[in-house]
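Inspection log for the structure reproduced underneath, given as structure tokens.
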Amino acid sequence: MDYRPELVGGHVALDLVNTVAWRLDDRRRVDRLADPGNLRKWLTATGLKPSDRGVRTATYDALVRCRETAYAVLQPLAIGAEPSSADLAVLGELVEEAVRKASLVSIRPLIWRADSIADRVRLSVWRLFEDEDLSRLRQCDDDDCGWLFLDRSKNGSRRWCSSADCGNRARARRHYQRRQTGALA
Ligand SMILES: [Zn+2]
């Protein structure tokens with residue numbers, strides 16, 4: 001199937017976490033980046049890699065490590081829980097590793113440069129924690145989706161990763177249930 005990256009997280013680090021589809025359903029879970037063509041598309045869509053040249057397996061492995069480390073810390077935060085200290089420690093190591101190799105380009109605005117794609121992604125995870133108000137971090141209301149996003153709506157009412165996707169499915173389900181109840185009444 002033709003993969004079109006959906007960048008709905010509100011931050012590139014969340015879009016990375018969301019490259020796992022149906023995260024909460026063991027039978028349906030799919031790693032979109034496992035396919036090299038998809039990985040290239042995702043990197044181009046996010047601007048992490050301007051050209052469409054090949055990506056090394058090492059990059060994929062590093063991205064997956066970064067993605068799962070970020071998810072382990074972000075998912076509890078999204079549902080109002082606390083991440084474990086073990087997961088925080090792993091995240092800390094990952095960020096330190098990237099910062100050590102990065103060079104400071106500008107202080108205002110703050111811009112870091114990293115040569116490898118993996119380090120750029122690690123830095124973006126750090127920037128998510130540095131720059132964003134994580135009290136706005138949410139997990140999609142769908143039972144199986146598991147995508148994370150920053151709710152930037154004024155009244156903090158966003159419930160779905162995508163209203164066209166998970167939101168629509170929920171509306172259709174509610175509609176169907178209402179009709180069923182109506183038929184039984
Ligand atoms: Zn969703």
Side-chain angles (χ1 to χ4, degrees), residues 1-49 60 62-84 87-88 90-91 94 117 120-122 124-181:
M1 209 173 57
D2 201 25
Y3 171 62
R4 260 181 294 147
E6 288 173 276
L7 309 179
V8 298
H11 192 282
V12 65
L14 295 171
D15 291 328
L16 173 70
V17 166
N18 294 344
T19 56
V20 176
W22 309 116
R23 165 102 53 184
L24 305 179
D25 183 346
D26 288 342
R27 285 163 307 147
R28 277 196 293 174
R29 190 179 304 124
V30 185
D31 178 357
R32 299 289 187 207
L33 300 186
D35 176 277
N38 289 354
L39 174 58
R40 276 202 305 279
K41 276 187 194 169
W42 186 82
L43 288 169
T44 310
T46 50
L48 285 159
K49 180 180 165 296
Y60 169 72
L63 289 189
V64 168
R65 190 173 144 245
C66 186
R67 181 181 70 193
E68 298 314 309
T69 302
Y71 180 75
V73 172
L74 290 165
Q75 196 273 342
L77 291 176
I79 59 165
E82 282 301 314
S84 78
D87 287 329
L88 283 178
V90 179
L91 179 78
L94 195 118
I117 293 170
R120 257 174 262 158
V121 169
R122 291 187 191 110
S124 76
V125 169
W126 173 51
R127 292 302 294 265
L128 172 70
F129 287 96
E130 283 265 307
D131 299 347
E132 300 292 344
D133 173 8
L134 290 184
S135 69
R136 293 210 162 242
L137 184 66
R138 303 273 182 276
Q139 176 175 291
C140 177
D141 253 8
D142 184 270
D143 287 341
D144 300 332
C145 171
W147 276 18
L148 306 181
F149 57 86
L150 287 171
D151 180 2
R152 298 190 196 273
S153 68
K154 252 196 200 110
N155 53 1
S157 61
R158 180 172 163 191
R159 294 175 60 198
W160 314 104
C161 64
S162 151
S163 51
D165 194 349
C166 286
N168 236 341
R169 248 194 332 277
R171 271 188 297 277
R173 206 164 36 237
R174 270 200 308 275
H175 180 71
Y176 177 75
Q177 277 161 359
R178 259 200 310 273
R179 281 181 49 154
Q180 291 285 319
T181 328

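Remember, it's 1-based here, ligands and their atoms both numbered in the order they're listed.
Take A70 and apply the side-chain contact (heavy atoms from CB on, under 4.5 Å) test, not counting sequence neighbours, and it matches V17, L74, V125. For R159, the side chain to side chain donor-acceptor pair (under 3.5 Å) partners two or more places apart in sequence, or in a different chain, are D141.
Screening the protein for N, O or S atoms under 2.8 Å from the Zn ion (ligand 1) yields 4; no waters enter the count.
Using a 4.0 Å cut-off between charged nitrogen and carboxylate oxygen, R152 and E132 count as a salt-bridge pair. Between R32 and D35, none of the side-chain N atoms (NZ, or NE/NH1/NH2) sits under 4.0 Å from a carboxylate O, so this pair counts as no salt bridge. Look at D143 and R169 and you find no salt bridge, because none of the NZ, NE, NH1 or NH2 atoms lies under 4.0 Å from a carboxylate O.
Applying the side-chain hydrogen bond (donor to acceptor under 3.5 Å, both in side chains) test to residues at least two apart or on different chains, the pairs with a partner in residues 68-80 are R23-E68, Q75-Q139.
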